Structures are given as C-alpha cells and as structure tokens.
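Quick note on labels: first sequence line is chain A, next is B, and so on, each numbered from 1. Not measured: the values here are computed from a predicted model. Reckoned from all heavy atoms, side chains included, excluding hydrogens, waters and symmetry mates.
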Amino acid sequence: MYSPNNIEPKWQKAWLSEGIFNADDASKLPKSYILDMFPYPSADGLHVGHPEGYTATDIYSRYLRAKGYEVLRPMGWDAFGLPAENFAIKKGIHPRETTEASIANFRRQIQSFGFSYDWTREINTSSPEYYKWTQWLFLELFKKGLAYKKFAPVNWCEHCHTVLANEQVIGGACERCKNPVIQKELSQWFFKVTDYADELLSGLDSLDWPENIKAMQRNWIGKSEGLIFSAPVKDMSIEIRTFSAHFEACYADTFVAIAPDHSLLPELVAGLPNAKEILDFSQNIVNERAVNREEPEPTGIFTGRYIVNPLDGKELPIWVASFAMAQYGTGIVKCSAHDERDFAFAKKYQIPLKVCLLPTDPTEAERVRNFEYCYSDTQHGVLTEPAEFAGKNARDSRQDIATYCQRNSFAQPETIYRLRDWLVSRQRYWGTPIPIIICDTCGVQAVPEIDLPVLLPEDVDFLPTGESPLARSASFSALVACPNCGNPAQREVDTMDTFVCSSWYYLRYTSPNDADCPFTKEAIDHWLPVSLCVGGAEHAVLHLLYARFVAKALRDMGFLSFDEPFTRLKNQGMILGEDGEKMSKSRGNVINPDSVVEQYGADTVRLYEMFMGPFSDQKPWSTQSIIGSRRFIEKVWTIVQTCIDEQRFGDESAHITRDLHKTIKKVTEDIESFSFNTAISTMMIFSNTLQKELQVGNSLQKETLESFLIILSSFAPHVAEELWSQLAHSDFIARAPWPSYDPALAKDELVMLMIQVNGKTRDHFEAAPDMSQEDALAQALTQDAVKKYTQGKEIKKVVFVLGRLLNIVID
RNA sequence: GCAGGCGUGGCGGAACUGGUAUACGCGCAUGCCUUAGGAGCAUGUCUCGAAAGGGAUGUGGGUUCGAGUCCCACCGCCUGCACCA
C-alpha cells in the first residue's frame, strides 16, 4: 500500500541527517548555483504558489546533482517588512515573535515538500548577524556617493502613518488600508540607481531572461533621447529648459506647459497680481492628481509669463498644465499642434496653434492646416518649417534638425530616463536601522564599521505616529557622540526599505555564517553568478533591478567580478483559485498546502503543480484533477511491487528498452527547458507501457525500472527513494547518477510514413526511418487508398521528407 | 496610449526547425470485477455522415505540395507601465 504520510517524513529526516544536499565549497565538480527568490514569511503560511517555484528548482537541482554538478541551493527568509509590523500592532505581539513563529511555520511547510535545500546556509534578514552586513552595504554605497540624503516628495499614507514604496500604492491608494496616499516632503535617503541607468538597460541584452521581464525593465528605465531647448522668460532673469523627444516639429510650438508642482513655479509667478490664484489652482491639480489616478480632462491656468522662443524670437505663453509632470524631463514642455495632449489643451483654452508638419495627401493636409484634428505622424509627415527643411520627410530629417538646432544654439542633445533614484528610507520599525549619525557641525556621518550592527531596539512602542518608532526607544540611544568631532549628535532613526535586505541576500548564502565579513571573495568567485534564479513575476522590476544595481555597484568597488548576478531567470505563473481568480481569504478560494499534502502526499502535490500547465503560465487550481497525479504515483508503485512480489525481473521486450531511452531523452530535454508538464506526461506514457507489459505477462529488466525511478526521483523524490530501497539499494537514489540514453535506441525502429495526395493525407504505412523517396513512392503507388486518387493521373511533383511523409502532387 | 503575451475538445493542456491536430491528465459514457464502491481494470469520448467522404485550432486574406505553427489586417482576452513631452 502506498502511504505517503509514512514514507515522506522518513526520507526527509534521512536526507537532512545525512546532509546530502549540503553544498561543498571545496568541491572540484562543476558548480551550479540555483536560487529561489526567498519568501516573505507571512503569518498566513505558505501559499500553493510557493512550492510551484520551489518544485521546479528542486527538479532542476536534483537533476544537476545526478548529472555530476556540485549544486548550491539555499533557502532563507526575507523577514523584515510592513505586514509583520502591522500584524504585530493589531495583535499586540512584538514583530520579532510573530516573525519567528512565521519562519518556523514556513520552514516546516517547505520541509514537508522534501525540497533539497542546504539548510546549513539558512539566513534571516531580520537577524543582527545578517543586517549588520546590510548596514555595511549601505555604508559602502555612502562612501562612494551612491547613498545620499535629500528632501523629496514621497507617498504617505495618513491612515498607516508611514511612507509607502511606489509599488505599495495601488491606483493612488494604500495597498493595505485602501485610503488615498498623499505626497509629503521629507528628508530621505536615496540610492543613486540612475548612475547605472545606461548599464542596467544595456546589460539586459545578454541575459537569458523572459522577454516580458526584460521589456518591463526597459520600460521602467525609460530611456529617451531628445533635445533640451533653453529660452529666457520675458522680463525676468529666469531661463526655462524644456525637453523634447519629438522635436522634428519644434517650429510648430506655440505655448509652454509647466508642471503644477514645479519648483520654479512660485518664482515664476512672484509679483503677479494673481500669483496666489495660480498657485492655489496648481495645488488643487496636485491634490486631485494624488487622489484620482484616472487620466482626467486636462486643466490649466495661464501664468501671465512668456518665454522668448529662440527659434523665431516669438513670445510663447507659459501655462500651468495638469498633464505636465515635475519628475519627468525638466518638468516643462514646449507644446504644439502636433501632439494629441497639447492639441486638446490648446483647443480647450483657445491657445493659438500653428502647423509645420503635414500629411502628403493634399486634402488631409488642408484639414490639418485647419486644425480639424491633431496630426503627429513624423514617419510619413512632411515638414513646412524651417525653410531649409520644407518638403522633407520629418523622420528622415530628425538628425539634421537636431544638428540645426545645436548649430544655432537653440538646444543641446540630452538623454533622459524615467528611472528615479531608489528611495530607501522608511519611517517604520521593522527594518534595518540606517547606520548614520547626524551631527550639527559635521553633517551626515557614517557609523564606524566597528560599531556595526546598529541594533534594532526591542523596547519599542511601535504604534504608528508618523515618526520612526526608533526615535522613542530608550535603548536605541538616539543621542550619540559624533564619530568625527565627538560632540553630541543624533542617530538616524529611519529604517531601510526591505528591498535593500533582499538586494544582496544571494551573496550572503556563499558564506552565511561568517561573522567577519558579508562574504568572501573566494566563495563569491567560486559560486557566482547565479546559474538560475526562479521567482514570481511580481519582482520583475523592483527586486531584480535593485539586485542588479547593487551587484554593479559592488563590482565597481572591487568586491565582485561579474556584471550581472542572475544569468538565467524563470518566472513561475501564478496559481489561481478554482474560480480562476487570484486566491484570497476574502474570496474564500485559498488552497492550503498543508491540507493537500496531508490528503495526497507531497509527491502528488509536487507532480500536480508541475503537471498543471507550462511553468510560467497562470493556471487555476483544480481539486478534481489532482487525483490524476496520485494515480500515476500509485501506478508506478504497483508496477514495482508487482515486479518484486511476482519475481518479474528478467529479459524485456526490445520496444520497452527503446521506450525507456526515448523517455530518458525527452525528460532530460524537458527538464533543461523547464517543460515539466510534458516531462511528466512522458513518464505517464511510459508507466502505462510498463503496466501493459506486466498485464500480458512479460518481465522487465530491473535496470529499466531503476533508470525510470531515477528520472522520476527529481519530481517525486520520496516515493522514488522508497521504491529504490525496496529494490535493495543501500544508498540514496538522490545520489544515483542520471541515466544516459543511447541516441540510436531513442529513435524509432520503424516510423509511420504519411502518404499525401495533393497535400491531403490518404494513407500511411510503417517504414524504416531511412526509406528512400524511390522506395516510398513505389510502395505508395501500390496502395489502394493511393491508387484511387492517382490512377490515370500524371504525377507533377513529389515532395518527400525523410522518415515522415511523401506527398504526391497531381493535377 | 506604450510594451510583452495569449486565443486549440466539457476542463487543464500537447503538437520539435511548417509535415497524422486534439498527446498526457481530469471529467463523462459503457462494460468487467465486487455484498458494495466515490477503488481497480478494459473500451470509448472534436464534429457532420449509414458509408464513402467532408468540416474544425478567434475572424478574414496571403505564402506553400502542405499552415495551429510563417506573413498582413481585424476581433477578443490577459499582464505590466501609464498625463513620459
């Protein structure tokens, strides 16, 4: 009787106590580093989506070990973060307690799946032994000028009394409490990700990552090349700079739009009688924008100021416009009839427009001249201005226009990025303290490395007030001596974004217990870069971009000798509830991993999650379908038991040996390409074949079963281990070498040759794979089914694909 | 709007560089076994047709001896970013 609840814990204990999945740093074998994005240990416990990724890396890791690789496959906990803190506030329990309980629960759940982790390398980002080195990383970046402090507007949730990361703002509202998020100016720490914008972009090309993830990162970085035009404000000593990516039609510009929250605006309107009205109006736009994320009807107000357009000396009115963004480009735009948004805005406020780009069709050109619609097609449009370019195609003239504008000192070429520096400050408790001391005389000072870690105080009232709870801790000793002058100074009381913790964790796994340094050059050079990284697509931009940035920064400091941390990346698709919706407590469609493991066994759940569909596709859970994976395991169980009980080992039919080799080939290739669903279907087909063979009374070679169990063991390790031991093996199947296949045997002895007439399949017969065209044609023409169509017709052409088909083309 | 992707049975999904469309699994039907079975085994399961044969991979075109696969247009869906100048 197959009883997973007995055999699974037994083998899990055996693997653990033997330490057979522990990575040997000194191994001379080829090495491979397989990394799961480590989980955030929430109080809710594991989601069935977690084991989806972990099973995939487990299959791959077990496969690589069997192939003779030394595999580093660690697991740890991304343990700091807001959910634990909010949970603690709600329950009145310290986040350290709840986090430790969650970790224990996660560890138990993950171990119940029998994943082949090296548990001696387990890390916890909320432990002082780990965050000491997160602080070290901060200081290294600080020393290099890559960490800096400045006043900046941030997302602030009034209800939670805390800043939120951009990704925690969903549709303008707080992800947790759904209240609107406002912009607030605070002194904040930033990492200078923008210094690496270009390399973060170009580095993507060489990576074996899913195309959509690369596209998202490219999008996020948002490189844009264009011109910066400079122009004086009439009657003022202010110069206005505007960025244009689509500058081909710059001669049509008739007004200027400035962002309502632009820092230059107060100065610009100072002294005007309606200055207050303009600033109030602008503030309203800003407030409205924060609450309403829908793209509203553009609004604006005339500032009363003009720029003198360097192109023609004409005065262009400056408008405050809701569509102008302070954070993008220079925050000020020159506007024209050749941009949809500008066009709509000008129509609304009756701002004069002009055209300098026309379609080639005369009727259409006339309509554009009459401003009947906005024309912006620089691909096909023809310029009318300046005179030198009249009649020329806009796209073809792009470079010449740029040169023209530069030569006349109208503009300078400029590349801008959408990417902003990474805001890492958090006014919350459950995170890594920022290791900085602020002195009135010496300014911002690094905590000396010898004083690290700056411990997170435990005696904290973490109820949110808007100020970091660390400021109110007695033991945190916010008052310290300045490391530079010795005078009383103030500790930084903010903590770091948890993405800082996770930006370098994969490095720590190489020497997780080293108290003297974050990692050693030797271990890094041995294991890194990561061969394969697997996780959810929700980390597509943030985590993966930050990790890349940190790697590049550490490389430039001489700590690392690779450019990209994750050579190959795979994303698991989300597992949805049975209703096809995202699993959530409120929908009541959550599948609990504990109960399915309890009911079916870990091997069945592992198989089922891999069999559901392509690894990176979203797929709904089906309680009905999971039984198929269990039946497959029981079928294999029965086959092996039958062979043992009935002494059915012996010579086997030749086609069984062939099928085995085909199965090994297909499963091997499918594991390499992460096509686990088809690998499993191949093994199912083979088990069906074996079952039939036993039913008709034939015997099987023991080696055939053993090879099959080895490939199965990467997917369903417990049952494979159990059956392996029943076949009288004393060592673990987890240590058995991957079976090789004979390419000759993996091919079909006879193939089905399709016979088509005019492309329609009319017949087929078995043939040797190397049957020639002449032989195939000769045989085909003797078949009745073919004769019926070819009799008395002239054969115009014969198409022959070796070992596949013959197509006879007649009239 | 921009970017990436997807449309194949009742359902999840197969189909390598174009070459038997619907593998494998679920479900369903019939039968065997059984005191019984929500167990196990066997057979069947796109569609029209008695058959011969025909029609089906979102829609319409195209390339080809041959298209689920390649090209063009359209429709629908999903994901991410989005007033990005």
Side-chain angles (χ1 to χ4, degrees), chain A residues 210-220 222-224 226 242-247 253 256-257 259 285 289 293-299 321-325 327-336 338-342 344-345 416-418 537-538 540-541 571 573-574 580 607-608 611-614 616-629 631-632 634-635 638 666 669-670 673 675 677-688 691-692 695 752-764 788 796-801 803-810:
Chain A
E211 227 14 82
N212 61 324
I213 303 291
K214 292 208 238 181
M216 279 189 224
Q217 293 216 354
R218 287 191 188 106
N219 224 305
W220 189 266
K223 183 176 179 169
S224 180
T242 60
F243 175 77
S244 300
H246 311 293
F247 53 78
D253 294 336
V256 173
I285 297 175
R289 245 187 348 205
R293 297 277 291 194
E294 295 294 297
E295 199 170 307
E297 170 93 350
T299 56
S322 62
F323 63 77
M325 311 279 287
Q327 308 93 309
Y328 187 74
T330 65
I332 311 177
V333 212
K334 284 208 297 172
C335 301
S336 80
H338 299 301
D339 177 285
E340 292 279 0
R341 229 182 19 209
D342 300 351
F345 189 84
I416 63 160
Y417 298 89
R418 221 174 57 102
E538 68 272 15
V541 171
N571 284 116
M574 207 193 312
L607 273 169
Y608 173 61
F611 186 61
M612 286 169 83
S616 40
D617 283 10
Q618 282 201 359
K619 25 197 183 264
W621 185 272
S622 167
T623 299
Q624 195 176 258
S625 297
I626 190 171
I627 190 69
S629 300
R631 283 182 194 148
F632 166 58
E634 292 192 348
K635 187 174 289 184
T638 307
K666 174 77 173 143
E669 289 166 354
D670 281 353
S673 66
S675 308
N677 55 334
T678 48
I680 293 169
S681 106
T682 304
M683 290 190 288
M684 285 174 166
I685 294 169
F686 188 61
S687 73
N688 291 343
Q691 186 189 39
K692 286 219 172 60
Q695 276 168 2
M752 199 59 78
L753 200 66
M754 306 314 305
I755 310 302
Q756 299 182 334
V757 180
N758 280 353
K760 282 209 180 289
T761 304
R762 298 300 182 184
D763 198 8
H764 52 82
K788 192 168 138 189
K796 296 188 71 178
K797 186 176 174 182
V798 173
V799 180
F800 182 69
V801 182
R804 269 201 187 275
L805 71 87
L806 178 80
N807 186 11
I808 302 164
V809 185
I810 57 174

Legend entry - B:U64 phosphate, OP1 or OP2, under 4.0 Å from A:Lys797 side-chain N/O: no

Inset, instruction - Applying side chain to side chain donor-acceptor pair (under 3.5 Å), name anything that partners A:Thr678, two or more places apart in sequence or on another chain. - result: A:Asp670

Inset, instruction - Kindly say if A:Lys619 contacts the phosphate of B:G12, meaning a side-chain N or O under 4.0 Å from OP1 or OP2. - result: no

Inset, instruction - Check whether any side-chain nitrogen or oxygen of A:Arg418 sits under 4.0 Å from OP1 or OP2 of B:C83, and answer yes or no. - result: no

Inset, instruction - Starting at the 5' end of nucleotides 26-33 of chain B, put B wherever the base has a protein heavy atom under 4.0 Å, S where only the sugar-phosphate does, and a dash everywhere else. - result: SS------

Legend entry - Partners passing side chain to side chain contact (heavy atoms under 4.5 Å, CB included) against A:Asn571 (at least two apart in sequence or in another chain): A:Pro210, A:Ile213, A:Ala537, A:Leu569

Legend entry - N-glycosidic conformation, B:G37 - syn within 90 degrees of 0, else anti: anti

If you restrict it to nitrogen or oxygen atoms, what contacts under 3.5 Å exist between nucleotides 14-16 of chain B and the protein, and what is each distance?
from	atom 1	to	atom 2	distance (Å)
B:A14	OP1	A:Asn677	ND2	2.9
B:C16	N3	A:Arg804	NH2	3.1
B:C16	N4	A:Arg804	NH1	3.2
B:C16	N4	A:Arg804	NH2	2.1

Inset, instruction - Could you pull out all residues at least two apart from A:Lys223 that satisfy side chain to side chain donor-acceptor pair (under 3.5 Å)? - result: A:Asp198

Inset, instruction - Spell out protein contact along nucleotides 42-51 of chain B as letters: B when the base is contacted, S when just the sugar-phosphate is, - when no protein heavy atom is under 4.0 Å; keep the 5' to 3' order. - result: S---------

Legend entry - Residues in side chain to side chain contact (heavy atoms under 4.5 Å, CB included) contact with A:Ala344, at least two apart in sequence or another chain: none

Legend entry - Partner residues of A:Ser622 under the side chain to side chain donor-acceptor pair (under 3.5 Å) criterion, sequence neighbours left out: A:Ser625

Legend entry - side-chain N/O A:Lys788 vs B:G53 OP1/OP2, d < 4.0 Å: yes

Legend entry - G-U wobble or Watson-Crick pairing nucleotide for B:A67 (cut-off 3.5 Å, both distances): none

Inset, instruction - Please name all residues satisfying ring-ring contact (aromatic ring centres under 6.0 Å, His included) with A:Tyr608, sequence neighbours left out, ordered by chain then number. - result: A:Trp621

Inset, instruction - Only counting residues at least two apart or in another chain, list the ones meeting ring-ring contact (aromatic ring centres under 6.0 Å, His included) with A:Phe323. - result: A:Phe345

Inset, instruction - Return the set of residues passing side chain to side chain donor-acceptor pair (under 3.5 Å) with A:Arg218 (not counting sequence neighbours), or none when no residue passes. - result: A:Asp205

Inset, instruction - Mind checking ring-ring contact (aromatic ring centres under 6.0 Å, His included) for A:Phe686 and listing every partner two or more places apart, or none if nothing turns up? - result: A:Phe708

